*Asks:* 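Could you have a look at this structure, given as C-alpha cells, before my questions?
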Amino acid sequence: MARSRIWQYFVLSVYAAISIPGILCLWPMPRSLKAGTTSLVLSTSFSIDLQVQDAPEDLQQAITRTQSYLRNDNLGRLVVGRGTSDLGLLQGAKELQSLRVTLSNEAGKARSISSEATAPLGSRSEEYSLVIPSAGSTATLIANSTLGLFRGLTTFEQLWYTAGEATYTLEAPIRIIDSPAFPYRGLMLDTARNFFPVSDIKRTLDAMSWAKINQFHWHVTDSQSFPLEILGFTEVAAKGAYSNSIYSPEDVKDIVSYAGARGIDVVVEIDTPGHTASIHESHPEHIACYDSSPWMTFTNEPMAGQLRFASAATTNFTAGLIEATARMFPSSLFSTGGDEVNLPCYQLDVETQRILNATGQTLQQKLEMFVQTLHGGLKGLGKTPIVWEDLILTHNVTVSNDTIVMVWSSSSAAEGIAAKNLQIVHAPSDYFYLDCGAGEWIGADPDGNSWCDPFKTWQRAYIFDPYENLTESHQHLVLGGEQVLWSEQSGPQNLDSIIWPRAAASAEVFWTGPTLPDGTPRNVQSALPRLYDLRFRMVQRGVDAIPLQPLWCALRPGACDLMDAVKVPSPHDR
C-alpha cells in the first residue's frame with residue numbers, strides 16, 4: 001500500500017511539472033487562433049453588451065445562455081489539482097469587464113439566428129472574429145450575421161476555466177478568426193426503431209450546438225413505426241406509430257424552433273420506397289410484400305414491406321405525403337431516403353408485375369418516375385432533395401445535379417458519386433456509424449456481431465479525411481458529413497452516452513477541414529485533452545457523455561499511445 005501511494009505521488013508530481021497549454025477546451029479548434037501568456041480574470045460583474053439594433057429574440061436568448069454557462073460551468077483546467085495551482089498566477093490579474101457583440105455591416109434589420117441557420121447551405125454566414133485583450137479592456141465579437149455571432153459566443157464560453165472563486169484564462173490576449181471548412185456538419189437520429197421524447201431531442205440539440213454541429217438529420221419514420229403526424233395524412237401515424245408515441249405538428253414546431261435558435265437546421269427524412277412497412281397499417285394498398293416470410297428475402301431487416309412505386313396511385317399518395325411533410329419544415333433540404341430497396345419484393349409482387357405488363361415499362365423506369373415525381377414536388381416548394389447512395393450506385397437512378405447524396409455503405413463509395421458530379425455528404429459506416437459494435441440484434445444469433453463491426457471510436461472518426469478517395473477536381477463536391485445513430489438498440493436510456501462525445505469528433509473534422517488549421521494532420525493525442533474538456537462541459541450542463549479513456553491518458557498526452565517506448569504502470573499494478 002505504501003509503495004502504491006509513493007508511486008502515485010511520484011506520477012502526479014511528474015504530471016504537475018508538465019506544461020499543458022491553457023486553451024484546451026476549444027472544440028472544434030478555430031481556424032485561426034493566436035494567444036499570449038497573460039492571466040486574465042472574468043469580472044464578477046462581467047456583462048455582454050449587445051450592440052445590434054433591434055436584436056432578434058433568439059440572439060438575446062443566446063447571450064443569456066452564455067452568461068449562465070460562464071457562471072455555472074465551473075470547469076477546472078485539465079491538470080493535477082484542476083487548476084488550484086493557478087490561483088497564485090491570478091493575484092493582481094486584470095479583470096475583463098465586458099464583451100461587446102456587434103454585426104460588421106448592419107444594413108437593415110438583423111435576421112434571427114433561426115432564419116439564418118435554415119437558409120440554403122451555400123448562403124449561410126458562420127464566420128466570426130473574437131478579440132480578448134490582456135489589459136482588461138472590452139473584448140469584441142464581430143460577425144457578418146447573427147448566426148456567426150452565435151458561433152462566436154459558443155467559442156467565448158469555452159475559453160474560461162474556474163479555480164476557487166475565479167473564472168480565468170492564462171493565455172490572454174486572444175485573437176480568433178474562425179469559419180467552417182464545410183457547410184454541412186450533421187448528426188442523424190433514427191426515431192422510428194425506438195421513440196425519443198421531445199425533451200431528449202432538445203438535449204441532443206443543445207449538445208450539438210456546443211460542438212458547432214449545424215444539421216439535425218431527423219430519420220423520423222421507418223418500417224417499424226411512423227411516429228410523425230402529418231396534416232392531411234394523420235391516419236398514417238395514428239395507425240403506424242407505437243401507441244401514443246407520436247410527434248405532433250406542435251412538437252415539430254417546438255423542435256424546429258429550438259434547433260434554429262441554436263444554429264441548427266432540421267433536415268427531415270421520409271425514407272422511400274423501402275423502409276415503409278408501417279404505412280401498411282393505414283394504407284395496405286400501397287405496400288408490397290408486407291410481412292412476407294422469410295423476411296430476409298424481402299428486406300434487409302424485419303419487417304418486410306415497401307411502397308408499390310410502380311402504381312400511379314402509390315406514387316401520387318407518396319408525393320402528397322412528402323410535400324405535406326416538407327411544408328412542416330423551414331429547411332431548404334429534404335431527404336427522400338432511397339436506401340436498401342429490395343427488388344425481389346417487386347419481382348414476386350403480383351400487383352407490381354400486373355402494372356409492369358400492362359404499361360410495358362420496366363421496374364427501373366417506374367423507379368425513375370417515382371423518384372422524379374417526389375423530387376419535382378420538393379423543388380416546387382423550394383427544397384433540395386437528399387438521397388442515400390443506393391439510388392445512384394445500385395439502381396442508377398437519374399437525379400438532378402443539385403441533388404445531395406449521402407454516402408453510407410463505405411467511405412470508398414464517395415468516388416462513384418463524385419464520378420457522376422453529384423454533391424456528397426459523408427456518413428460512411430466505416431467511420432461514423434454510432435450503433436456499430438453492439439452485437440447482433442436480429443433473432444436467435446447469440447454469437448452474431450453487428451454488420452458494421454467494430455465499434456467506431458472517436459479516434460476513428462477523428463482521422464477521417466473528407467477528400468479520401470476523391471481527385472482534386474472532385475473535392476468541391478463535398479458539402480460535409482455527419483454521424484449516424486440507427487436506434488435498433490438505442491433509446492432515451494442510452495442516447496447521450498452512445499452519441500457523446502464521439503459525435504463531436506466529426507464536428508471538428510468538418511469544421512477545420514482535412515487538416516488542423518496550421519496544415520498539420522489531426523492529432524489524436526493533442527485532441528484528447530480538448531475533447532475531455534468538452535465532455536466535462538457536457539456533463540456539467542446535463543448531458544450524460546461517457547468517459548473517453550482513463551483521465552490519466554488526457555493528463556499526459558501520448559501516455560496511452562501504443563507507440564510509446566515506455567509504459568508507465570498504474571498504481572494498481574504495483
Side-chain angles (χ1 to χ4, degrees), residues 23 25-28 30-35 40-73 94-119 124-161 167-169 171-180 206 208-212 214 257-264 511 537 541:
I23 301 179
C25 54
L26 291 180
W27 195 280
R31 304 289 294 286
S32 173
L33 167 64
K34 295 181 180 180
L40 183 67
V41 175
L42 205 63
S43 171
T44 55
S45 60
F46 172 82
S47 63
I48 298 178
D49 180 18
L50 179 58
Q51 294 290 316
V52 175
Q53 184 177 2
D54 298 323
E57 184 179 359
D58 57 8
L59 179 58
Q60 297 178 52
Q61 292 172 346
I63 286 175
T64 298
R65 290 196 302 274
T66 293
Q67 291 173 322
S68 175
Y69 292 146
L70 291 171
R71 288 192 301 269
N72 299 315
D73 272 356
K94 298 289 186 180
E95 293 188 352
L96 182 65
Q97 299 291 333
S98 64
L99 169 68
R100 184 170 65 245
V101 176
T102 61
L103 289 172
S104 57
N105 182 18
E106 192 169 350
K109 186 175 180 180
R111 298 172 62 199
S112 67
I113 297 171
S114 182
S115 64
E116 291 180 348
T118 56
R124 300 176 194 172
S125 172
E126 297 183 80
E127 63 268 20
Y128 65 91
S129 170
L130 176 62
V131 177
I132 301 174
S134 58
S137 50
T138 300
T140 58
L141 170 61
I142 303 174
N144 296 327
S145 68
T146 58
L147 180 59
L149 292 178
F150 178 72
R151 300 293 181 227
L153 287 169
T154 302
T155 298
F156 185 81
E157 296 162 9
Q158 296 180 341
L159 285 168
W160 306 95
Y161 290 108
T167 301
Y168 69 99
T169 178
E171 301 206 23
I174 299 168
R175 180 179 179 84
I176 294 172
I177 300 175
D178 203 8
S179 62
D206 278 327
M208 290 169 62
S209 73
W210 303 331
K212 297 185 175 69
N214 70 338
S257 174
Y258 196 89
R262 285 151 183 80
I264 298 169
W511 183 273
R537 286 194 191 276
R541 297 177 185 183

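Here the structure is a predicted model, which is why all the values come from computation and not from measurement. Along the sequence shown, residues are numbered consecutively beginning with 1.
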*Asks:* How far does CG of Leu40 sit from CD of Glu95, to the nearest 0.5 angstrom?
*Replies:*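 Between atom CG of Leu40 and atom CD of Glu95 there are 9.0 Å.
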*Asks:* Under the 3.5 angstrom rule, does the side chain of Asp178 hit a backbone N or O of Tyr128 as a donor-acceptor pair?
*Replies:*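 No, Asp178 side chain to Tyr128 backbone: no donor-acceptor pair under 3.5 Å.
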*Asks:* If you compare all heavy atoms of Thr146 against all heavy atoms of Leu103, which two are closest, and at what distance to 0.1 Å?
*Replies:*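 Residues Thr146 and Leu103, closest heavy atoms: N-CD2, 3.8 Å.
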*Asks:* If you take all heavy atoms of Ile142 and Ser104, which pair is closest and at what distance?
*Replies:*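 Between these two residues, the closest heavy atoms are CG2-CB, 3.7 Å.
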*Asks:* Under a 3.5 Å distance rule, please check whether Arg262 uses its side chain to pair with a backbone N or O of Asp206 as donor and acceptor.
*Replies:*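 No; zero donor-acceptor contacts below 3.5 Å.
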*Asks:* Indicate yes or no for a side-chain donor-acceptor contact from Glu126 to the backbone of Arg151 under 3.5 Å, with no hydrogens or angles considered.
*Replies:*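 Not a single qualifying donor-acceptor pair exists.
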*Asks:* side-chain hydrogen bond (donor to acceptor under 3.5 Å, both in side chains) for Asp73 and Trp160? Distances and angles first, verdict last.
*Replies:* CA-CA 9 Å; Asp73 272 356; Trp160 306 95; over 6 Å; no
*Asks:* Side chain of Glu116, backbone of Leu147: donor and acceptor closer than 3.5 Å?
*Replies:*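 Looks like yes, one N/O pair under 3.5 Å.
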*Asks:* When rounded to the nearest 0.5 angstrom, what is the spacing between CZ in Arg100 and CG in Asp49?
*Replies:*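 Going from the CZ atom of Arg100 to the CG atom of Asp49 covers 7.5 Å.
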*Asks:* Minimum heavy-atom separation for Ala139 to Leu96, with atom names?
*Replies:*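 For Ala139 and Leu96, the tightest heavy-atom pair comes out as N-CD1, 3.8 Å.
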*Asks:* Answer yes or no: is there a donor N or O on one side and an acceptor on the other, between the side chain of Ser125 and the main chain of Asn144, under 3.5 Å?
*Replies:*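 Not a single qualifying donor-acceptor pair exists.
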*Asks:* Using the ring-ring contact (aromatic ring centres under 6.0 Å, His included) rule, pick out the option among Phe46, Tyr69, Phe150 that qualifies with Phe156.
*Replies:*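 When ring-ring contact (aromatic ring centres under 6.0 Å, His included) is applied between Phe156 and each of Phe46, Tyr69, Phe150, only Phe46 qualifies.
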*Asks:* Please name all residues satisfying side-chain contact (heavy atoms from CB on, under 4.5 Å) with Asp58, sequence neighbours left out, ordered by chain then number.
*Replies:*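 side-chain contact (heavy atoms from CB on, under 4.5 Å) list for Asp58, sorted by chain: Pro56, Gln61, Ser112, Ile113, Ser114, Ala261.
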*Asks:* So, the side chain of Thr64 versus the backbone of Gln60: is there a donor-acceptor pair under 3.5 Å, distance only?
*Replies:*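 The answer is yes, because a donor-acceptor pair under 3.5 Å joins these two groups.
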*Asks:* Can you confirm if the NZ or CZ of Arg541 lies within 45° of the ring axis of Trp210 and under 6.0 Å from the centre of its six-membered ring?
*Replies:*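 Relative to the ring axis of Trp210, which defines the angle, Arg541 lies inside both limits.
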*Asks:* Kindly give the heavy-atom pair with the smallest separation between Gln97 and Ser45, and that separation in Å.
*Replies:*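 Closest pair (atom of Gln97, atom of Ser45, distance): OE1-OG, 3.4 Å.
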